[in-house]
Amino acid sequence: MTKDKFLIKGLAGEKKLNGKIVVGGAKNAILPVMSSAVLFSDEVKFENVPDIEDVKRMSELLEKLGAKTKKVSKHSWKIDAKKIKSSELDYEISKRLRAAVILIGPRLARYGSVDFPHPGGCVIGARPIDIFLEAFKKMGAKVAVEEKKYHIEVAKGKKLKGAEIFFKIQSVTATETVMMAGVLAEGKTVIRNAAIEPEIVSLAEYLVSCGAKITGAGTLTIEIIGGELLKSEGRIYKTIPDRIEAGSFLILGALCANNLEIKNCRPNDLNILIESLKDSGVPIEVGNDFIKIKKNKSVQNSSFKSFNVKTHEYPGFPTDLQAPISIFLTQATGESIIFETIFENRLNYIQDVIKMGANVKIWDTHRMMITGPTALKGKELDGPDIRAGLAYIIASLVADGESVINNIYYIDRGYESIENRLRTIGADIKRIKE
Ligand code: EPZ
């Protein structure tokens, strides 16, 4: 974990950023697709892969299982998981990368056993895995909870069996891992109340193109007919654009840019954010693969109207954009109620924003009320999770004066060389190597 910091000079509310910024491949699309390599009898290739820490951690996890991973170029990888020997997900990496849980299904379905610690990741909640464990039990596996890890296995010589599974919560990674387990299980698996995020559709489309029998991805009911190992036969997965990164740049542009074009994105994945910002008064133009903030210089942030945000499973307001949009709402005029319904500790970051000058009433671990506009002052900040880290960059750029953001490993987990990309549109942000 690097101790690097970001040093940012605020624009004090002026809209000086300009130009074009290209959206990278989606972290939350490539992590499940990398995990799917375990389902293949041949090598798999990926492109438009973001050059971020979480991708490196996932490749390390796969290597420790016995797979061969190779970074072919900055944004392309290949993985050969023919010879997975170990059943153990590396303890240290799994504690830091919640997405390690996605590997459980493929490893269990192919080899009949898997061992892993209680997963970690960002400190945005307890991050339970009860939905995963219930699903695998329904598929005929035995789950043993040991002191520091879980051991899941199917009876010797047996395979996972397809089952009818109802998710009491629309869990994204549980949907992904169980869908992948179903690809090699015996018979049919039906997942009801599945998550419907675009990343799940992208994963399913790729697997189907390589021989999987999956229908219904992107709807509440996914059906998987189990079969043989998949074959990529040279098919290359092209990572879909990161909708959370695109949304974060859009929010930054609304507050700090005169003209900004956000390129290589999928506006359709962000309708709720785009509509909310348009209604608030942000001058936005939407194309099929770009979003533009236009002639925004003369529009004061205080002229933006406040609005309420309730995070919700897709296509509702993404919890991963709750911190960034809260920064926007500290600058809009009026009272905004933020209701974070997905995670119980995802408002913690706001304490540092209050220190910068925001007017916020915290009601409980899920709800707060922001009253704007308030001027923000540069401060020293410690980001608790990937998305709050990006929100701090936005707050620091809106603020008057200098800010320091510590432990930026979190930001590097989800955003590729963010300081260089923001500098190209005029942001004064430097990485201080410790
Ligand atoms: C995925 O996490 C994303 N991560 C998260 O993005 C995102 O915030 C989240 O979905 C919600 O959209 C990846 O895709 C790698 P969940 P995931 O399971 O799957 C509860 C980022 O910054 N739950 O959909 O872990 C859980 O506690 C990250 O990119 C159970 O109760 O989220 C939460 O309250 C942060 N039991 C709710 O479901 C379970 O077994 C939704 O979580 C599983 C989850």
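What's counted below: heavy atoms across the whole structure, side chains too, no hydrogens, waters or symmetry copies. Order of appearance sets the numbers: ligands from 1, and atoms from 1 within every ligand. Quick caveat, the model's predicted, so the values are computed rather than measured.
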Task: Name of the residue among K45, E47, K70 meeting side-chain contact (heavy atoms from CB on, under 4.5 Å) with S76 - done: E47

TODO: Quick one: look at V172 and ligand 1, take heavy-atom pairs under 4.0 Å, and tell me if it's side chain, backbone, both or neither.
DONE: both

Open item on the list: Is it the case that ligand 1 has an N or O less than 3.5 angstrom from some N or O of I342?
Closed with: yes

Task: Heteroatom proximity flag, E344 to ligand 1, N/O under 3.5 Å - done: no

- [ ] Can you sort out which atoms of ligand 1 are near F132, meaning under 4.0 Å from one of its heavy atoms?
- [x] 40 (O), 43 (C)

TODO: Would you indicate whether K188, at its atom NZ, is surrounded by more than 12 heavy atoms from other residues, nucleotides or ligands within a distance under 6.0 Å?
DONE: no

Task: Those atoms of ligand 1 less than 4.0 Å from some heavy atom in T173 - done: 17 (P), 18 (O), 19 (O), 25 (O)

Open item on the list: So that I know where these two stand, are Y409 and Y415 an aromatic pair - ring centroids less than 6.0 Å apart?
Closed with: no

Open item on the list: Please list, in number order, the atoms of ligand 1 under 4.0 Å from a heavy atom of K27.
Closed with: 21 (C), 29 (O)

Task: K71 NZ: over 12 foreign heavy atoms closer than 6.0 Å - done: yes

Open item on the list: Need the ligand 1 atom indices (1-based, order shown) with element for anything under 4.0 Å from a heavy-atom of D130.
Closed with: 30 (C), 31 (O), 36 (N), 39 (C), 40 (O)

Task: R387, any N or O under 3.5 Å of ligand 1 N or O - done: yes

Open item on the list: Within the supplied structure, the quantity of interest is the number of heavy atoms (other residues, nucleotides, ligands) at a distance under 6.0 Å from K64 NZ; does it exceed 12?
Closed with: no

TODO: Could you tell me which atoms of ligand 1, counted from 1 in the order shown, lie closer than 4.0 angstrom to a heavy atom of T319?
DONE: 8 (O), 11 (C), 12 (O)

TODO: Kindly indicate, with the supporting measurements, whether the criterion side chain to side chain contact (heavy atoms under 4.5 Å, CB included) is fulfilled by S113 and I152.
DONE: CA-CA 6 Å; S113 72; I152 308 182; over 6 Å; no

Open item on the list: Counting only heavy atoms closer than 4.0 Å, does ligand 1 sit against the backbone of I244, its side chain, both, or neither?
Closed with: neither

TODO: Could you list which atoms of ligand 1 come closer than 4.0 Å to a heavy atom of I129?
DONE: 39 (C), 40 (O)

- [ ] Could you check which of G316, P128, A195, A174 puts a non-hydrogen atom nearest to atom 44 (C) of ligand 1?
- [x] P128

TODO: Measure the shortest side-chain to side-chain distance between L220 and Q170 over non-hydrogen atoms and say whether it is less than 4.5 angstrom.
DONE: yes

Open item on the list: Suppose I only count heavy atoms of R346 and a 4.0 Å limit; which atoms of ligand 1 are within that range?
Closed with: 8 (O), 22 (O), 35 (C)

TODO: Report the C-alpha separation of E223 and T215 in whole Å, then their side-chain angles, then the decisive distance to 0.1 Å, and conclude whether the side chain to side chain donor-acceptor pair (under 3.5 Å) test is met.
DONE: CA-CA 5 Å; E223 286 199 6; T215 52; 4.6 Å; no

TODO: Evaluate the ring planes of Y237 and F46, with Trp represented by its six-membered ring, and classify them as parallel (under 30°), tilted (30 to 60°) or perpendicular (over 60°).
DONE: perpendicular

TODO: Indicate the atoms forming the closest heavy-atom contact of I102 with P32, along with that distance.
DONE: CG2-CA, 3.8 Å

Task: Close-contact set for ligand 1 against R98 heavy atoms, below 4.0 Å - done: 25 (O), 43 (C)

TODO: May I ask you to check whether I102 has an N/O atom sitting below 3.5 Å from an N/O atom of ligand 1?
DONE: no

